[in-house]
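Have a look at the structure below before the remarks.
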Protein chains: 2
Amino acid sequence: MSYTKTEENYLKAIYGIESKFGESVSTNMLANKLETKASSVTDMVKKLAKKELITYEKYQGVSLTECGKDIAINIIRNHRIWEVFLVEKLKYKWDEVHEIAEQLEHIKSEELVDRLDDFLEHPSFDPHGDPIPDKKGNIPTRKEAIQLNELAIGEEGIIVGVKNTNNEFLQYLEEMNLTLGKKIKVEKEFDFDKSKIIKIEKESVTISKEVSSNLIIEKSQ
Amino acid sequence: MSYTKTEENYLKAIYGIESKFGESVSTNMLANKLETKASSVTDMVKKLAKKELITYEKYQGVSLTECGKDIAINIIRNHRIWEVFLVEKLKYKWDEVHEIAEQLEHIKSEELVDRLDDFLEHPSFDPHGDPIPDKKGNIPTRKEAIQLNELAIGEEGIIVGVKNTNNEFLQYLEEMNLTLGKKIKVEKEFDFDKSKIIKIEKESVTISKEVSSNLIIEKSQ
DNA sequence: TAATATCTTTAGACAAGTCTAAAAATATAT
DNA sequence: ATATATTTTTAGACTTGTCTAAAGATATTA
């Protein structure tokens, strides 16, 4: 069975909202995420429910069935593997690859992404630090990955991911040199606005609470 | 300006027929090539004419404008570069890549294929031996590429392409070991059906006129 | 050149996905 | 608990690309 790009995007969006806010995704949330109208969502949601990819009760929102979840995870797998390819092989910056991967993730071929995965030597995390599900849908975890704002003064860690993949945010990080794999140390914290001074490659920079709560850190030791 | 997958496929099909049979492509020929109905073709052809990608007069067939031709060539460029990637990097066989490349060729990104082209070190020919247009639409030529059936008895050459990219044909070639880059020599020809005996890697095989007229050979010396 | 065959276009319909506007259900506030 | 606001659904319409069936051109053949 094969699904349309649109169906796949709905499933992916539902999966994303579910894993952020728990089950039962509302029509409006979906409309928001997919940049469409609530009425369109209602239509599509009925269609997906008929195909048993989601459960749907009028006015009660939707949630993925096992089958729907498998499909969503697979699309995410495709997306992230393509992102690795674009960054590692085609030398894109990590903040340039999202839109292209949005297209590539829908290419219909059982084999293609598996071969790409071989070619890339089975990466576990994408260039944003997000985990890449394996073929069976298992999602790798990281030991002790926490948000930067949970790091106490004096503690160190390595940037391994970002929570917010918004383009402007990624460009800000690029600008500030806060890129994946960099080692950082918390030097000071200002109570009044929760901003922090951190050390990165011998330089000290100040970042807002907004920023520190969106950076994922792998704590050193 | 960006075009739909369907529009791009029509342009590509028109280009393909034009370069095989000359200008003025008939509705039926297009319907045939695109595996659709003549009435659908008429509809789409009107749309493309309105966008000035083709010229169209009722009952007189169509032909590409300069602009339409540029787009068609660009799609072909995309297709062939992706094929090189699939074969060289992902280790597909040359007869397995067509359908996937049909999808990949429509990915919308100015930059993507150029970067891929860099990554692949600017190949001039795809795995089927077809020339890859450059970014400006220039199509590389080969010196002395001829059809195998134009080769006289005793002459030698290297297989550099196929005219017919039909899947069954490609699989037949694979089976017979008549793959790209192989050196062959014409040993004998049977007048009554124009079949030939050729030598390839110390083996002698018989091929029909059908086959020898669809193999492109680069003549030795 | 008249009759027939083939090709092409038109007219009207359909499916997918979207939209607006209005109605129905649910949630919130006084 | 009633009024108000918000969310969700329905109804009907639009677009893209397709189709069938029938009508209109063009080509072929006698």
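Naming: A, B, ... by sequence-line order, numbering from 1 per chain.
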Inset, instruction - Go along nucleotides 1-9 of chain D 5' to 3' and tag each nucleotide: B for a protein heavy atom under 4.0 Å from its base, S when only backbone or sugar atoms are that close, - otherwise. - result: ------SBB

Inset, instruction - Look at B/Tyr10 and D/dT18 and indicate whether a side-chain polar atom (N or O) is within less than 4.0 Å of OP1 or OP2. - result: yes

Inset, instruction - Could you tell me how the ring of B/Phe190 sits relative to the ring of B/Phe192: parallel (under 30°), tilted (30 to 60°) or perpendicular (over 60°)? - result: perpendicular

Legend entry - Parallel, tilted or perpendicular: ring planes of A/His98 versus A/His79, cut at 30 and 60 degrees: tilted

Please report the distance, rounded to the nearest Å, between [atom1] in [X] and [atom2] in [N].
{"X": "B/Asp43", "N": "C/dA11", "atom1": "CG", "atom2": "P", "answer": "11 Å"}
{"X": "B/Tyr3", "N": "D/dT16", "atom1": "OH", "atom2": "C1'", "answer": "17 Å"}
{"X": "B/Glu8", "N": "D/dT16", "atom1": "CD", "atom2": "C1'", "answer": "15 Å"}
{"X": "B/Lys5", "N": "D/dT18", "atom1": "NZ", "atom2": "P", "answer": "12 Å"}
{"X": "B/Lys37", "N": "C/dC7", "atom1": "NZ", "atom2": "C1'", "answer": "15 Å"}

Legend entry - Polar contact flag, side-chain donor to acceptor under 3.5 angstrom, B/Gln103-B/Trp82: no

Legend entry - B/Pro123 to B/Asp117 - nearest heavy-atom pair and separation: CD-OD1, 3.5 Å

Legend entry - Considering all heavy atoms, the nearest A/Ser109-B/Tyr92 contact: OG-OH, 4.0 Å

Inset, instruction - Evaluate the ring-ring contact (aromatic ring centres under 6.0 Å, His included) criterion for residues A/Tyr15 and A/Tyr10: first the C-alpha distance (whole Å), next the side-chain angles of each, then the deciding distance (0.1 Å), finally the verdict. - result: CA-CA 9 Å; A/Tyr15 181 85; A/Tyr10 270 81; over 10 Å; no

